[in-house]
Amino acid sequence: MNLLIKGGRIIDPFSEQDTICDIRIKNDKIVETGPGLARKSSEKLVDAGGMIVCPGLIDMHVHLREPGYEGKETIATGTRAAAKGGFTGVGAMPNTLPVADNPAVIEYVRKITREEGMCRVYPFGSITRDSRGENLAEIGELANAGAVAISDDGNPVESAEILRRALEYARAFNLPLVDHCEDRALSGEGVMHEGYVSTILGLKGISAASEEVVVARDIILAEMTGAHLHIAHVSTAHSVKMIREAKARGVPVTAEATPHHFTLTHEAVKSYDTATKVNPPLRTHEDVEAVIEGLADGTIDIIVSDHAPHSYEDKTVEYDAAPFGISGLETVVPLVVDRLILTGKISWARAVAALTSEPARIFGLPCKGIQEGSTADLTIIDPGLKITVEKDSFISLGKNTPFEGMRLQGWPCATIVGGNLVMFERKAELEPALS
Amino acid sequence: MAWERKDLLGLEELSREEIELVLETAVPMKDIMQREIKKVPTLRGKTVVNFFFEPSTRTRTSFELAGKFMGADTSNISVSTSSVKKGESLLDTIRTVEVMGADVIVIRHGASGAPRFLAERLQASVINAGDGHHEHPTQGLLDLFTIKQKKGEVRGLKVAILGDIKHSRVARSNIWALTKMGAEVRVAGPPTLLPPEIEKMGVKAYYRVEEALEGADVINVLRIQRERQRQGMFSSVREYARFYGLDKKRLQLAAPDALVMHPGPMNRGVEITSEIADGLQSSINEQVTNGVAVRMAVLYLILGGGSHELAN
């Protein structure tokens, strides 16, 4: 189907444009942009008056769970949830079963994506075999199979020596190393941020230092090796400060933050709702403010969901017994719009960049923005649309959201992947887009 | 005032008036315990199930007797005989007992928040008999009841809580109750065993027990668990006893008539010397008696007593 998108405000950080104009899509390509384009009879008209039209959003931290944990999510449901959330591409974390520590798992993910995927999937390989932090995975083979980065996400790389060698080795294949920064000895059996709220709830705490000591170590090793380090889900004020200082002296470090870390604090845990159990944990108000500042000034480069879907039975247990993770794909955009843009904390241009051009730059993705001849991956956001978050309306199999019942403004209303309208008027298509 | 809660999960959420209602109701309950025939038919036909996922003799027996003195049917389930070991979820396990007709579930569980998790999902009333490091509300109430009986007025009393505050649900319930009633609460223990930002609860924190004991009217000594030594929270039992144990010399720092309490079970010679535990100022046995009375009051109020007018 060919499309004509009319009257939208185009925000394209790739070309730094912010104008009102029309976009004509033929097959999988953008063929014409400009004001006042006339609809051809073969084209479906998408009226984008009053809407934001931007390059397809990319979420580079998603747990699709397949292979191995299909009860929590599958590539089919996860990519449909992504499309519903306005994303045209997601980075798939390698902590599947088996772990993506070999080309076969990467190839499997790519095959299922071709057959059942609703958006693009950029697979990650692991840093070490089985993500155990002991022996390096075959990083070159992973790169050849299509991995865009390496990470042992869910686990930190405990040994500084292994991390150093991984950083050095990955340079040969131009893959960024994404580290989940956590000192497991310091975290202990912690289940939430260590502070006043953990004190009164009697829940074991995970101190801010548990993240920060590893961020500090990793920055030092990135500085020493000159290799590209990407710090996953930054959650504390001091981590932001260290990354800011490292960038200022030229360390090749980039970073990401999640909506739950810039909108919620540890106060949310007071209900013992296991949907608030996430790692790194929800921190203090000061940490939230620092993460937002980091996003605003570019210290934190990108926004990711850290989409970690879990089944109802996994989460319907005592707080201590529940797994960490939030099902985030379907609430990223309204949280960014409602809590960051409409409050004046960051601009549309910066927010869109953190979801498009910046992840493309960091992970070397083949995205070129909105221009004639480029692939038609686009997201349309209605900045005025107000919807109350209802987990039962999630497409993701994971209904574990701490945002249930929250009324938010600014939702994606169309997602276009390779010229296909995979989500329109908040309804995701049933047929895979990429086959 | 009337009791309106389905559950008793903690003292943080209770008002001063609700706490007073429980304490007032416990007075006639203690009288019942002193009768020759310790049984009233008030809760006849009601079923109380004690679900203990952690070992307990004192609290479990206390709830069981409290129920029996009131005429309720009581049943005890401990973790070793339950289906939890077969992989059943906590909710399914408890719900099974609920649909068998339990009116009240008394639960002790190692996970903080477990009673609340159940209370939100069950029709039956839930009474927290200790959850993780969170709260132990009936212990807090019985401690308060004991202090009130011995000292009369709680307002203005200097209360020192000594030991492992960080891992103590007894400490938290005591702090909530005592601060609501206007006591001046001090906590003291090794820095590793004081939880972060504890002073925000309205208490003063000390690293040395001597400072906390200065002029104290009530001393509540907490049990130290040897497990904490393995976790690096203190260096040795010997050193703990030497720096944090309550002995005769330290007791002299407190007010001359200071009341000594311990929630039990005691490590004699570690956190408290036998001389003091068995001494004239100790109310440790009285606490246990009062525990039954307070639990009778709680069961009575929750099972539809509504007010403290006791039908005799």
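Since the structure is predicted, the reported quantities are computational estimates derived from the model, not experimental observations. Lettering of chains follows the sequences in order, A, B, ..., and the numbering in each one begins at 1.
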Can you establish whether the number of heavy atoms outside B:Q225 located under 6.0 Å from its atom CD is more than 12? yes

Are more than 12 heavy atoms, taken from residues, nucleotides or ligands other than A:K399, located less than 6.0 Å from that residue's NZ atom? yes

Which atoms of B:E135 come close to chain A, meaning under 4.5 Å heavy atom to heavy atom: side chain ones, backbone ones, both, or neither? neither

Count the heavy atoms belonging to other residues, nucleotides or ligands that lie under 6.0 Å from CZ of A:F324, then report whether that count exceeds 12. yes

Working to the nearest 0.5 angstrom, can you tell me the gap between A:S198 OG and B:E197 CD? 8.0 Å

Less than 4.5 Å to any heavy atom of chain A: does that hold for the side chain of B:H109, its backbone, both, or neither? side chain

Any non-hydrogen side-chain atom of B:R116 less than 4.5 Å from a side-chain atom of A:S271? yes

Please say whether more than 12 non-hydrogen atoms of neighbouring residues, nucleotides or ligands are located less than 6.0 Å from CZ in A:R217. yes

Considering residues, nucleotides and ligands other than A:K391, do more than 12 of their heavy atoms fall under 6.0 Å from its NZ? no

Could you grab the distance from atom CH2 of B:W176 to atom CD1 of A:I200, nearest 0.5 Å is fine? 5.0 Å

Residue A:K315 excluded, over 12 heavy atoms near NZ under 6.0 Å: yes

Relative to chain A, which of B:R172, B:H167, B:Q231 shows the most heavy atom pairs under 4.5 Å? B:R172

Could you tell me which non-hydrogen atom of A:G202 sits nearest to which non-hydrogen atom of B:S112, and how far apart they are? O-OG, 2.6 Å

At a 4.5 Å cut-off on heavy atoms, which part of A:T274 comes close to chain B: side chain, backbone, both, or neither? neither

Count the heavy atoms belonging to other residues, nucleotides or ligands that lie under 6.0 Å from CD of B:Q123, then report whether that count exceeds 12. no

About how many Å separate CZ of B:R121 and OG1 of A:T316, when rounded to the nearest 0.5 Å? 6.5 Å

Check this for me: A:E161, atom CD, are more than 12 non-hydrogen atoms of other residues, nucleotides or ligands nearer than 6.0 Å? yes

Counting heavy-atom pairs under 4.5 Å to chain B, which of A:V317, A:L203, A:T199, A:V191 comes out on top? A:T199

If you round to the nearest 0.5 Å, how far is CD of A:E318 from CG of B:L118? 7.5 Å

Aromatic ring centroids of A:Y272 and B:H134 under 6.0 Å? yes

